[in-house]
Number of protein chains: 2
Amino acid sequence: MNDTAPPPRRWVAMQDVAAAAGVSAITVSRVLRTPAKVRVETRQRVEAAIQALGYVPDRVAGSLSSRESRLVAVLISTLAGSIFATTVDGLAQTLRAADHQLLLGTTEYSSASEEALVATALGRRPDGIVLTSGEHTAAARAMLASAGIPVVEVWELPEDPVDMAVGFSNLEAGQAMTRHLHAGGRRRIGFVGSGRLPVGAGDGDRRGRLRLQGYGAALADLDLGPPRVVREPFEGSMVERGARGLATLLERWPDTDAVFCSSDSVALGAVSEARRRGIEVPGRLAIAGFGDFEFAGASGLGLTTVRVPGHAIGAEAGRLLLARKRGEPVDTRIVDLGFEIVRRATA
Amino acid sequence: MNDTAPPPRRWVAMQDVAAAAGVSAITVSRVLRTPAKVRVETRQRVEAAIQALGYVPDRVAGSLSSRESRLVAVLISTLAGSIFATTVDGLAQTLRAADHQLLLGTTEYSSASEEALVATALGRRPDGIVLTSGEHTAAARAMLASAGIPVVEVWELPEDPVDMAVGFSNLEAGQAMTRHLHAGGRRRIGFVGSGRLPVGAGDGDRRGRLRLQGYGAALADLDLGPPRVVREPFEGSMVERGARGLATLLERWPDTDAVFCSSDSVALGAVSEARRRGIEVPGRLAIAGFGDFEFAGASGLGLTTVRVPGHAIGAEAGRLLLARKRGEPVDTRIVDLGFEIVRRATA
DNA sequence: TTGAAAGCGGTACCAG
DNA sequence: CTGGTACCGCTTTCAA
């Protein structure tokens, strides 16, 4: 803006390295990308110049020119709550091994639609995209499909994936846990989830709803009467919602003898509330969670829950993405990594 | 590769929109960036063309041309363990409001040095960079300094930050909790951390070491004798390490009456192990954690711990970054967001 | 094995 | 208010 402004950013460009090494820019490029095509002696001179100048290739320019960004976009609702953290970690690991980077987009349940998020991500011209949502607006689907890049939907198994999917059946998971509770002798089984989203939010917890649906289906199958569902509004922590949720559940259906919670955090709150009220767990009330969070296995809690392969989902998504990018045929477009009922003390 | 290869990616380019709207490319650019400078009628025509063609501006090209990427790199060790997840969330939120995106880099304790990670990140020409490490190699520091972009180190308060820092004093936190235990009448205080890193790993848990140092300093100040430290190797989950760590601690120093753990997960493991052994908590043994994880406050556990402003750290880092990018003067280069001792049942 | 030239898809700058 | 033109830093293609 004026003459005392800080010096403009100045990066060492490939041209500078070339000049220093007494070669042309393209030769520097070759040293970096196809070293075998450059005479050893020349290469060493260039490498020395790179070192001396501290040259870091500009991937923005490189991406534009080569039409390959080596960038993969991940779109999730939030990192907090630790549901997706392991998946992102797994993805990052797999991608780093192939020298690809991660572009992270979070919605935070903001009113910004997934559509806007997808557009923003595609603007970076990623080589692939990973979504934790299996439900999209028509416009979003269209953008994704026409982008011409591999798309992986994770954490669910959509019937009609945009492209590929890696996850497990949330519906079956809900069913399985409900059956497990039934097998343990329970007949009046409730469900506590963390309820509706704020106005304007996106699909929110579609996976949670699928599990709830599984619970409902199992109740019907087993002829256990109408569902007993409490959905706590978005206030306070998940643990607090679990505590409040159990209170509400018992108020409405005092004879409930088991609760399936939408996550381990919610379940922890429910267990706490039960203890507070002197309700014996699992004696009088069985409690089950979902996710097998770090704390679930701790003795003193021993939460019965559903273990899901979060890290593996990310790793597999990365593998699929890279395979497709290389043009390798991907036969299984939908990868079911399953889940596992972990039976502990509370149910 | 061959004639049956999939059609090459073809994006709608600005030129296409321009042609459809009967204007020049630069006018399309103006409609997108400075709409006020375009006549309403023209603008509407262009906007219609954008809609019709589903045009998504290429930010790669835009970044190269404008020398502004609107990308911020975050370099962390891992997302799992939920230590940094909230910080990344906070950062993402702040940045999204300013239409900036996040480039995520994780080390996963791999042998890839932070140096390599920094170079990779800088190659994307980010407008700023956030690091969860306050210790860097000379080369890394040099790269960061010469990049000419704002740099924020988070989760610690380095004496000599590369540029800016947002966090709290881990050393003081360690000291404060030790003093708290002392104030509660404890005199034989131990420390359980999750120990040494695998060979080739980076700085690992420098912050943990700082807390350990604070513990040591407090012991000396209070004249509580030599430190009793157990560092569990990297095997199994944090919770398991906590359980094993407590066992080791009690084996070496059976009369220990308090333990400060490097994280709430470790503390949870310690509490579990204590219960398993019939050791009364906090009667015979006080246990304190660090982090105030989601499960810490659950009744039935009531873990005494240190609460740290993870989300706020990310948000503030984002704010500083954006302010500096805008050229606004940033007076406080080091922002101490503090910590808080949360006194609950276990100590 | 090396280089020259022509873009990649936008934006800055200067005219009109 | 709109357009022409150069150019961002690298890679592709074609020649030598």
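Side-chain atoms are counted along with the backbone in the values below, which use heavy atoms only and exclude waters and symmetry mates. Given the structure is predicted, the values throughout are model-derived calculations rather than measurements.
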Between A:R67 and D:dT11, is there a contact of a side-chain N or O with OP1 or OP2 at under 4.0 Å? no

Atom CZ of A:R59 and atom P of D:dG9: how far apart are they, to the nearest Å? 17 Å

Measure CD/B:E68 against P/C:dG10 and give the value in whole Å, please. 16 Å

Which whole-number value in Å describes the distance from B:R33 CZ to D:dT2 C1'? 17 Å

Given side chains that start at C-beta, do those of B:L131 and B:V152 come closer than 4.5 Å, heavy atoms only? no

Could you give the CG-to-P distance, from A:L32 to D:dG9, as a whole number of Å? 16 Å

Under 3.5 Å, is there an N or O donor on one side and an acceptor on the other linking the side chain of B:S65 and the base of C:dG10? yes

Would you indicate, yes or no, if C:dG9 has its OP1 or OP2 atom less than 4.0 angstrom from a side-chain nitrogen or oxygen of B:Y55? no

Hey, does A:V60 reach any base, or is it just sugar-phosphate, or nothing, if we go heavy atoms under 4.0 Å? nothing

If I take atom CZ in residue B:R125 and atom P in nucleotide C:dT11, what distance separates them, rounded to the nearest angstrom? 19 Å

Given D:dC10, is OP1 or OP2 found less than 4.0 Å from the side-chain N or O atoms of A:S29? no

SB check B:D58 A:R124 (cutoff 4.0 Å): no

Under 4.0 Å between a side-chain nitrogen and a carboxylate oxygen: does that hold for A:R67 and A:D127? no

Reckon A:R30 touches a base, only the sugar-phosphate, or nothing at all at heavy-atom distances under 4.0 Å? base

Start at the 5' end of DNA chain D and walk down; is the nucleotide closest to B:S66 or to A:S63 reached first? B:S66

So which one's nearest nucleotide on DNA chain D is more toward 5', B:A61 or B:I26? B:I26

Below 4.0 angstrom from OP1 or OP2 of C:dT1, is there any side-chain N or O of A:T42? no

Do the side chains of B:P150 and B:M164 get nearer than 4.5 Å, heavy atoms only? yes

From CE of A:M14 across to P of D:dG9 the rounded distance in Å is 12 Å

Take atom CH2 of B:W11 and atom C1' of C:dG9, then tell me their distance rounded to the nearest Å. 13 Å

Any B:T27 side-chain nitrogen or oxygen under 4.0 Å from OP1 or OP2 of D:dT2: no

Looking only at the aromatic ring of each residue, does the gap between the centers of B:W11 and B:Y55 stay below 6.0 angstrom? no

Write down the distance between NZ (B:K37) and C1' (C:dT11), rounded to a whole number of angstrom. 12 Å

